[in-house]
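In what follows, a single structure is set out as structure tokens and then discussed.
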There are 2 protein chains.
Amino acid sequence: MKVEVLTNNEKRDVQQSIIAKLRDLIEYKNLEPGDKLPSERMLSEKFGVSRSNIREAIQKLEFYGILYSKPQSGTFIAEIGRVAMSGMMEDILGLEEPDFKSLVETRILLELKTVRLAALRRTDEDLEALQSALNAYKNKVLNKEDAVEEDLLFHLAIAKASKNSSMNTFMLIITPEIITNFEKYHVCDSNQSFKGIQEHEDIFQAIKDQNPKRAKEMMKIHFSVLYQYCYHSNN
Amino acid sequence: MKVEVLTNNEKRDVQQSIIAKLRDLIEYKNLEPGDKLPSERMLSEKFGVSRSNIREAIQKLEFYGILYSKPQSGTFIAEIGRVAMSGMMEDILGLEEPDFKSLVETRILLELKTVRLAALRRTDEDLEALQSALNAYKNKVLNKEDAVEEDLLFHLAIAKASKNSSMNTFMLIITPEIITNFEKYHVCDSNQSFKGIQEHEDIFQAIKDQNPKRAKEMMKIHFSVLYQYCYHSNN
DNA sequence: CAAACCAATCTGGTTAACCAATTTGGTCAA
DNA sequence: TTGACCAAATTGGTTAACCAGATTGGTTTG
């Protein structure tokens, strides 16, 4: 068979079309929660794509909890109901790549919460991790070096101390995108300033004092520059 | 070669150990951003695991933006710096499966924001989608049928109207988990009540009126039961 | 007649073979 | 000496073959 190399975008389109076909199939066959999907081989033949493509599409739907696979048995529709499944598939198909504004907006939302939770729930261990992350950041800034990474690790340490694994995961997901865009748009320049040190120390102190309100307040100040960028830029 | 069938947990452990080994390798070899990783074949031999396992681990690190693969060329370390990379890998290794409390906490946080953004940014199209989701929900409740799915789709429609693709994605990620747990712990019983209809209509009206403050307020009321469950239960 | 049993078949998961684009090291001509 | 050029090796991606467990339909046995 002719093998062709696809770009990432083409690959995504193929996957999206498979998901759409799966949705149609489920609708057409009136498959209900718990029902078994046709085998991967059959689907690959029916849709005219490779089994790998089918598997990847199924894995994506498994990630969103819509399907689940049992080894040596089959792939099944999760117990979330036909209506919800159909609607969710539609949403997944309509998902766009997040733009920078969405990322920043989400980061601010998450961090104003994680810092509050961290102040409430931090253990002494968390405090040590935060302290060392803060020190690493300070050293870099005082040496006038680029400190974006250390800045970021401090914020991730806060997410970890929040004891909320969902938010922690989401922070990890958006973080690299944020870094890339920061470097692209040179948003981070202000973070190299000495002002950042004081803000970070204020946040750390509030978490140490277990003062959630002040922690959130200090984080808000820390984000004020970002806020402006997010809501007054044309990007 | 002997083929063995692994459980999901065993598979996860293998992947985690590969990620840890990759971290050690990068540390040991002092690989920097932009550097090329050894080839998949070499790594699979070095670590004593199959190439598939290596590929999956690499794909996970690609998902978090730590690595990137160029076809017919190699896998490279992303431009996020050694320190950030090492720290993020550590965080990824330490990630736990989200507990129900984390999920609910995150959902509330997200939805109080998306409903506000939806009120600010909704188009007439969004309004139509919201209206039809609301109608589907009302019909189900009035027929005394289970309406968890329709409830959920209404909330997803709000996320979509918020025009923030990150939050929309995150809502889609946590939604199935939430449903599953709702059914397990029977949290949703209250949603079948007629009270839910009024609350949903209030939220819808606030979005229609483009009144973000009221929209958030109404959502808060809608979540008050959930709030209690989240912060006063022992689970 | 029902239940236990068994072999053929089907399934998702895994491994191995293959493909084409890219690197790379060396060669040869200008 | 240098730069264009080429063929062989390397690489991630893709396809095909294979594996062991699960399912299933029919058969046998009590």
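All of these numbers come straight from a predicted model, not from anything done at the bench. Numbers restart at 1 for each chain; the letters A, B, ... are given by sequence-line order, proteins then strands.
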Given D/dG12, C/dT23, C/dG12, the nucleotide with the shortest approach to the side chain of A/R41
C/dG12

In whole Å, I'd like the distance from the [atom1] atom of [X] to the [atom2] atom of [N].
X     : N      : atom1 : atom2 : answer
A/M42 : C/dT9  : CE    : P     : 15 Å
A/L37 : C/dG12 : CG    : P     : 9 Å
A/E56 : C/dG12 : CD    : C1'   : 15 Å
A/E40 : D/dC18 : CD    : P     : 18 Å
B/E62 : D/dG13 : CD    : P     : 7 Å
B/Q72 : D/dT11 : CD    : P     : 12 Å
B/D35 : C/dT23 : CG    : P     : 15 Å
A/F76 : D/dA22 : CZ    : P     : 12 Å

Given D/dG13, is OP1 or OP2 found less than 4.0 Å from the side-chain N or O atoms of B/R55?
yes

Do any side-chain nitrogens or oxygens of B/S73 fall under 4.0 Å of OP1 or OP2 in C/dT23?
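Checking C/dT23 against B/S73, a side-chain N or O does come within under 4.0 Å of OP1 or OP2.
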
Under a 4.0 Å heavy-atom cut-off, which of residues 44-52 of chain A touch DNA chain D?
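Of all residues in residues 44-52 of chain A, the ones placing a heavy atom under 4.0 Å from DNA chain D are A/S50, A/R51, A/S52.
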
Can you list every salt bridge (Lys or Arg N to Asp or Glu O under 4.0 Å) pair that touches residues 24-34 of chain A, not counting sequence neighbours?
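Of all non-adjacent pairs touching residues 24-34 of chain A, none passes salt bridge (Lys or Arg N to Asp or Glu O under 4.0 Å).
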
What salt bridge (Lys or Arg N to Asp or Glu O under 4.0 Å) pairs are there with at least one residue in residues 163-182 of chain B, not counting sequence neighbours?
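Checked against salt bridge (Lys or Arg N to Asp or Glu O under 4.0 Å) - neighbours excluded - the pairs reaching residues 163-182 of chain B are B/D126-B/K163.
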
Which pairs count as ring pair (Phe, Tyr, Trp, His ring centres under 6.0 Å) when at least one residue sits in residues 26-74 of chain B, sequence neighbours excluded?
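Output for this query lists B/Y68-B/F76.
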
Throw together a table of side-chain donor-acceptor distances under 3.5 angstrom for residues 85-98 of chain B, partners on residues two or more places apart or in other chains.
from: B/E90; atom 1: OE1; to: B/R23; atom 2: NH1; distance (Å): 2.9
from: B/E90; atom 1: OE2; to: B/R23; atom 2: NH1; distance (Å): 3.0

If the condition is side-chain hydrogen bond (donor to acceptor under 3.5 Å, both in side chains), which residues does B/R122 pass it with, not counting sequence neighbours?
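Here no residue qualifies.
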
Side-chain heavy-atom pair B/K160, B/L156 within 4.5 angstrom cut-off:
no

Determine whether the aromatic ring centres of B/Y137 and B/F154 lie less than 6.0 Å apart.
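Between B/F154 and B/Y137, which both carry aromatic rings, the centre distance is not below 6.0 Å.
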
